[in-house]
Structures are given as structure tokens and as C-alpha cells.
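Below is one structure, written out as C-alpha cells; the observations come after it.
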2 protein chains.
Amino acid sequence: MLSGGKSQSMKGIRQLAEHLDISIGTVSRALNGKPDVNEETRKRVLAAAEELGYVANQSGRSLRQGTTNVIGLMIESSKETIEDSDNFFLGLTSGLQSVLARHKLDLIMLPCPTDEDPYEYLKRMVARRVVDAMIISATQRVDKRIDLLSKAKIPFVSLGRSQSSGNSPWIDLDFDGVANSAVDRLVAHGHRRIAIAAPSSDINLGYIFLDGYRSALERHGIAYDPSLVIRVKTSEQGGYQAGHELLQIDNRPTAVILIYELMAIGLYRRLTEAGVIPGRDLAVIGFREEPRAKFLQPALTCFRMSLHDLGVELAQTLLATMPAYSHFYPDSERNMIWPLKLIPGESDSFHLLAAQ
Amino acid sequence: MLSGGKSQSMKGIRQLAEHLDISIGTVSRALNGKPDVNEETRKRVLAAAEELGYVANQSGRSLRQGTTNVIGLMIESSKETIEDSDNFFLGLTSGLQSVLARHKLDLIMLPCPTDEDPYEYLKRMVARRVVDAMIISATQRVDKRIDLLSKAKIPFVSLGRSQSSGNSPWIDLDFDGVANSAVDRLVAHGHRRIAIAAPSSDINLGYIFLDGYRSALERHGIAYDPSLVIRVKTSEQGGYQAGHELLQIDNRPTAVILIYELMAIGLYRRLTEAGVIPGRDLAVIGFREEPRAKFLQPALTCFRMSLHDLGVELAQTLLATMPAYSHFYPDSERNMIWPLKLIPGESDSFHLLAAQ
DNA sequence: CATAGGATCGTAAACGTTTACGGGACGCGT
DNA sequence: ACGCGTCCCGTAAACGTTTACGATCCTATG
């Protein structure tokens, strides 16, 4: 046949094989780096595949070997977590992909529709066998998704620990540590009435954060005052709202800890409206990398981390639980508390002791 | 056999079939709503499937019918567009999914790694046949991806028109209209020196936006002054930068048009630092839904849109080009300019004429 | 009663790939 | 000459599903 067209429509491995006058089995082995194939012919095969633009059909491959080479990152836009912005996930994917790419694994994001139950959504995706493994975020305090994945024996790692996590792998931000050092720092500056803004404690991070706050107060011999705990959403609006409620507390606190930096923007605005100057009349400490808060004035004292690095760690933790890849990451921790770094600003720099 | 366990491990349609003592073909037809199956047995099948938690293996299904029932949304984090920040994509998916769900189509997001060429990435995904159709964003002024998809006969719609789009479907924001009415409005307030901040014109939206700006000036008999065009990134930093450059233009402009609302936050900050009050000393008009800009003071005059609705429209436009679904959307436009609504604020409310 | 035809179902091929298995060619040592 | 091992390759089965086709049963009609 003379129609050995250049970039003709490439149907499948079969066409590629007869174009090369080689059996289809050999072509497959050549492409997949299997042994038992002459180095000479392997080169020919690879060249031809490149030229004709052949890429293996994913369905056929998955069907045969029961694996998809795809890792799923489930995302949802819940307004109670600090993980629901495009920036957060795009930051993560960068780190995730840098690891996954080494193993020829692809990452896809699975956005759970707002009107669907996350559990049911995940169930569907898992049953369809569209991913080999999962990364879940916005972990709830009790999270059925974890049981589901465990039972289905789908490798996974959750961003955020949960009561449901038995010995399942997770990475969680160091809410406890952050709450503690925030309190420590404020107390060292002379503050005794320290408010805190956190989301509803259905979300585990809210729970842990608050727990760290309470234990830190106790450590300093400061009585826990429930009226200083402000329940708001972790958004800019939430910060505005927090500022509003803060101003109405009698015997106003002299400092406030925010669970999410983004809230600081709203908080500043509300305070400024009321003539209260952040950093002079009220100390503020924030939390988590948030580029949008970068320009605040006075500069926010906060805890930061690298989303990219977190992504890297997540990927490694996940792969370590997958038999086919675990040997690459022999001493990866199954659970991990992700540290954050204090970035001193001026929002909490005034000393009450000196001022009084 | 007595081991008709409840939620035993469900291997496939075969197990389901012999559990029901029905042929595997009938089960398949029953599940897929095909005719030629007794309504009675269909119910039995559906019930059993539900009970045993059977969901069709996606690979087998895709392989057979050459379709995946998955729509891909390609995303990348380029810092030059207005589509890569905050919750743009999460906002879109909400609308997209509300339409796709009706047809039992799933949406996945395909994040292009930052170190990979978007074109190559897309090519890989397409060749693998992992999606039936594509939605691409951050369209470039010339965009090879469009040729690729056209040639591969993969249905797609692009958010943003391009020189490369022949008669391929797209939806684009009404940059032209926005630029025109922004200029109109400012001119009506007496402004003659109107600056504009936009990204590099490799990005098509920058080009179109600027074009609208120029033609509007011309319409009003105002000479186009290149020194009033500020090239910055479409971020908060970009806005800050824009403010900075703006202050250094001699014979300072009295108004500025921003291509992206988020920039307003940075701009306000820079202006305030310099003692220039937005809305009094400089008129500002922004563009695009951006919740973070909601609290700016003075309130930003801007153009807004619903991301959800845009997602709906994108999905419909896409489905209209897919033979299997086109009859659902008979009179869907192939190309569309997405209108934005002017939300008057106070950032441009002062009249130069009155002031002088 | 014969037959047509509709309703319902079973059978088997096909989708594209990977991989276990076996076979041929060749080299080497005995 | 024979046996054995190595290297390379072809053959065919298998993955789970859908669907074209044909078979069976039942009913209505002539």
C-alpha cells in the first residue's frame, strides 16, 4: 500500500503496527519500555509513534490493566474552609504535578457540584473507576468520604485530619501550633483579652484551631471567655463581619487572631470605618499564604507556608501508600503536621505594657 | 449458591447479571434506558444495581462506544489574563455543571502544569481520548490549540475569541462594549485625559479592550495618547503598579479604566499612599465580577456579570456543536458577545465640568 | 389454524490495549 | 551433533461494556 500518509488519522496501535510491519504486541512492548524488544526496533517504533502522533487510547489501556494513571483532586466550594479558592488549588496542583509527572501520572480536578452531596459525588467517581487515587480536601470533622475510600481500597490522602481517619494518611496544617504561638506572641506583648475568629467547628480545622487557642490561654493563666470567639465565614466578608462583631463586645479585646488571612482585608476595612486603627488600637494576627493580603497596611503579622511544597508533600504521601510507587518514597510519613512560618508585620507590633 | 451477599464486592455487569439470572445484554439495556426491555425487569435491574452499588466501569464503556461522557475544562495559571484568579473557575463550573448534569455529563478540570506547553498538554489529553469535548480559556490572540481541536474534530468552545477561530464556537466578554461605555461615561463627566490599564496584547482580550478604547476616543474626537496606556498584569499587584505609573505621567490623567476590578484594590492603595483620593482626584471604572472589590471605598463603578450564567451559556454553546446533544439547543448562537452590566458606584461620580 | 408481527431476551462480536505464552533463530559449550 | 540458554518477536486471550442480530414467546388477525 502506498498510502503511508504522514499525519494520517491515527486509529490505534494496530495501524501503527502494520505501518511498521511489526506485530502489535512488539509495538506495545516497545512503547511501554518493556524488555524483550530489540533496542533498534524500539527506536523505530518510538520514532514512528512520534511522527504519526500516536498516543495510546486511555480507555483500552485502563480496561486491560485496571489502572488509569490518573490521580483525582476533589474540590468543592464550601464557604467554611480556607481551601476553596482557585488560587489555593492552583497553588497545590503545581506541587502535585511536579511529583506526579515523574511517574507519568496525570492530575485531574473533580469539582463537586454545589447541589450534590460530596459523598455521593465521590462515590460515583470511585465506582466509575476513573482515577487510581484521590486527594480530598475540606475534610470534615466526621467525613464519610474517608470510610468510603478506605472500604473501596482506593489509595488516598486527605488534606486535613478527621475523626474518621483511622490510620489513613493525611496532612494537616499546624493549626494547633499557629494558635499557640499567636497567643504566645500576643501575651508577650502584654495582651490579655485576645479574640479569635474561626469558622463553625463542624470543620475540623476550626475545632483544632480553637483547641490550640484555649490550651494556650490556659498555659498563660488566662480565663477562656466564649464571648471572644467569633464565628464567621473564612472570607473577606467574614472578616468584615468579624470586625463588626468585635467592635460591639464590651470591654473590647485588644487583639484578634484570624484563621485566614483573607479575612484581614475585610477586618481592616470595618475597623477603619469605625476609626479603629489596626496595629495601633487592635493587634491582628493572620494565617496562611494569601497573596491578596500582601498589601495591607499596616503589614499583617501572619503565618505562611508554601502551597507548592505542600502539594509536593501531599503527592509523596499519597504515592507512598500505593504499592506500585511506594518504593520510591520509603520513609514518607503517613501523617504529617504541616508547619507554618511566622512572618512578622506591624499589625501586632504595639506593646500594651509600654502603652499603659 | 447462597452467598448472595449484600454489598459484596461488585465486579462488573456480569456478576450483576447472574445475580439476577438475566443475560448481561438485557442488564445493560435496562440500565441504559434502551427499549426492548420489559418494564418489570428494568425495575428489578435498577433495584439490584442500586442495592449492590453497581456503577458501570467507565473504561469498558468508553472503549466500546468511543465516548467518555466527560467534558474537560482546561485551566492554566497564566498571570496575564483575568481568568486565573480567585474563584473564576469555581464560579464557572457551577454554571457548567448545572447544564451538563442534565445530560449525565461530568466535568473535569485539566490543570496544565506550569512548566508544560499548554498546546502539548492539550494534545496529550486529546490523543488519550479522555474527554468528549473541551472548554478552553485564556485564549491567545493566535492560539494553536484551536487548530488542534478543529483538526482532531473534538467539539469545543473557547472562552475568548481569537484570530485562530475560523467559524469555531466561542463566547467572549464584551470588552469592546465595556471600553466604549466606560469612555462614554467618563467623557460625559467632562474627562478628556483618560488612561487605561490592560495586559499585554498577546492576550486577545487586551487587544480588543484597547481597540474599543481607541475607537471610543476617536468617536469623541479625543486624540489617542499612547502614554496613557499602562501595561500591567491583571492582578492586585498590577493595580498597584498601575497606580504607581499613573502618578508619574505628567499632565496627569483625570480618569482611568481598569480591565479588571481586582486591580482596583491595588490602585486604591497606591493612590491613597500618595494622597490622591479615588473618586475625587481620579475617576476609576473597573470591570468584571470581583467579590473582593465589593468593599472598596468609594464604591467602584464597574461592569459586572454572572459567572454562573456565563458557565451555563458556555455549556449550551458547546453542546449545540455536539451531534448527540445539538437538538436540545437548536437555536444556540455559535458565537456570542457576553454583555456586562454597569454598576454605578462613586469612584467616577465627580464631574470635572462642575469642578472646574 | 396459520401466520405476521411485536415484545422481550440471549448470544456473540467488537472496541484498543497489555501480557502470558510459546516459537524461531542464534551462539556456545560439550 | 546435540542440548541449552538468550534474545527477540508473534499469537491470542483477556479486561467490561454496548449493540447488532437472531431466537423465542405471545397475541391478534385473517
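Computed from a prediction, not measured in an experiment: that's the story for all the values here. A note on names: the letters A, B, ... follow the listed sequences, proteins ahead of strands, and every chain is numbered from 1.
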Query raised in the report: Roughly, in whole Å, what's the span from CZ in A:Arg14 to C1' in C:dA14?
Result: 11 Å

Query raised in the report: Counting side-chain heavy atoms from CB outward, which of D:dT18, C:dG16, C:dT17 is closest to A:Leu63?
Result: C:dG16

**Report entry** Euclidean distance, atom NZ of residue B:Lys43 to atom P of C:dT8 [Å, nearest integer]
**Finding:** 12 Å

Report task. Could you check B:Gly60 against B:Thr26 and say which one's nearest nucleotide on DNA chain D is further toward the 5' end? Result -> B:Gly60

Query raised in the report: Has B:Lys34 got a side-chain N or O lying under 4.0 Å from the OP1 or OP2 atom of D:dT18?
Result: no

Query raised in the report: For C:dC15, does OP1 or OP2 lie under 4.0 Å from any side-chain N or O of A:Asn57?
Result: no

Report summary line: Rounded to whole Å, CD of A:Gln15 lies from P of C:dC15 at a distance of 10 Å

Requested in this report: With heavy atoms under 4.0 Å as the rule, sort A:Ser59 into base, sugar-phosphate or nothing.
Outcome: nothing

Query - Heavy-atom donor-acceptor pair, A:Arg64 side-chain to C:dT17 base, under 3.5 Å - result: no

Report summary line: B:Asn69 CG to C:dC15 P, in whole Å, measures 20 Å

Query raised in the report: Say you draw a straight line from CG of B:Leu46 to OH of B:Tyr54; how long is it, rounded to the nearest 0.5 Å?
Result: 12.0 Å

Query raised in the report: Has B:Tyr54 got a side-chain N or O lying under 4.0 Å from the OP1 or OP2 atom of D:dG16?
Result: no

Query raised in the report: Would you say C:dT18 has OP1 or OP2 under 4.0 Å from some side-chain N or O of A:Arg61?
Result: yes

Requested in this report: Return no unless some side-chain N or O of A:Ser23 is found under 4.0 Å from OP1 or OP2 of D:dT11.
Outcome: no

Query - Out of C:dC9, D:dT11, D:dC8, whichever nucleotide has its closest atom nearest the side chain of A:Asp36 - result: D:dC8

Query - N/O (side chain, A:Lys11) to phosphate O (OP1/OP2, C:dG16) under 4.0 Å - result: no

**Report entry** Interatomic distance, B:Ile22 CD1 vs C:dT8 C1' [rounded to whole Å]
**Finding:** 11 Å

Query raised in the report: Nearest-Å distance, CD (A:Gln65) to C1' (C:dT19)?
Result: 10 Å

**Report entry** B:Ser28 vs D:dT19: side-chain N/O to OP1/OP2 distance below 4.0 Å
**Finding:** no

Query raised in the report: More 5' along DNA chain C: B:Thr41 or A:Arg29, using each one's nearest nucleotide?
Result: B:Thr41

Report task. Give a yes-or-no answer on whether the side chains of B:Ser23 and B:Thr26 include a donor-acceptor pair shorter than 3.5 Å. Result -> yes

Query raised in the report: Hey, does B:Asn38 reach any base, or is it just sugar-phosphate, or nothing, if we go heavy atoms under 4.0 Å?
Result: sugar-phosphate

Query raised in the report: D:dT19 C1' sits how many Å from B:Asn32 CG, rounded?
Result: 10 Å

Query raised in the report: Going by atom types alone, do A:Thr68 and A:Asp132 pair a side-chain donor with an acceptor below 3.5 Å?
Result: yes

Query raised in the report: How is A:Ile24 classified with respect to the nucleic acid when contacts are heavy atoms under 4.0 Å: base, sugar-phosphate, or nothing?
Result: base

Query - Spacing of B:Leu20 atom CG relative to C:dT8 atom P, expressed in whole Å - result: 17 Å

**Report entry** Below 4.0 Å: OP1/OP2 of D:dC15 and any side-chain N or O of A:Ser62
**Finding:** no

**Report entry** Pair A:Lys123 + A:Asp117: basic N to acidic O under 4.0 Å
**Finding:** no

Report summary line: side chain to side chain contact (heavy atoms under 4.5 Å, CB included) with A:Phe156: of A:Leu148, A:Val126, A:Ile146, only one passes, and it is A:Ile146

Query raised in the report: Have A:Thr93 and A:Gln97 got a donor and an acceptor in their side chains that come within less than 3.5 Å?
Result: no

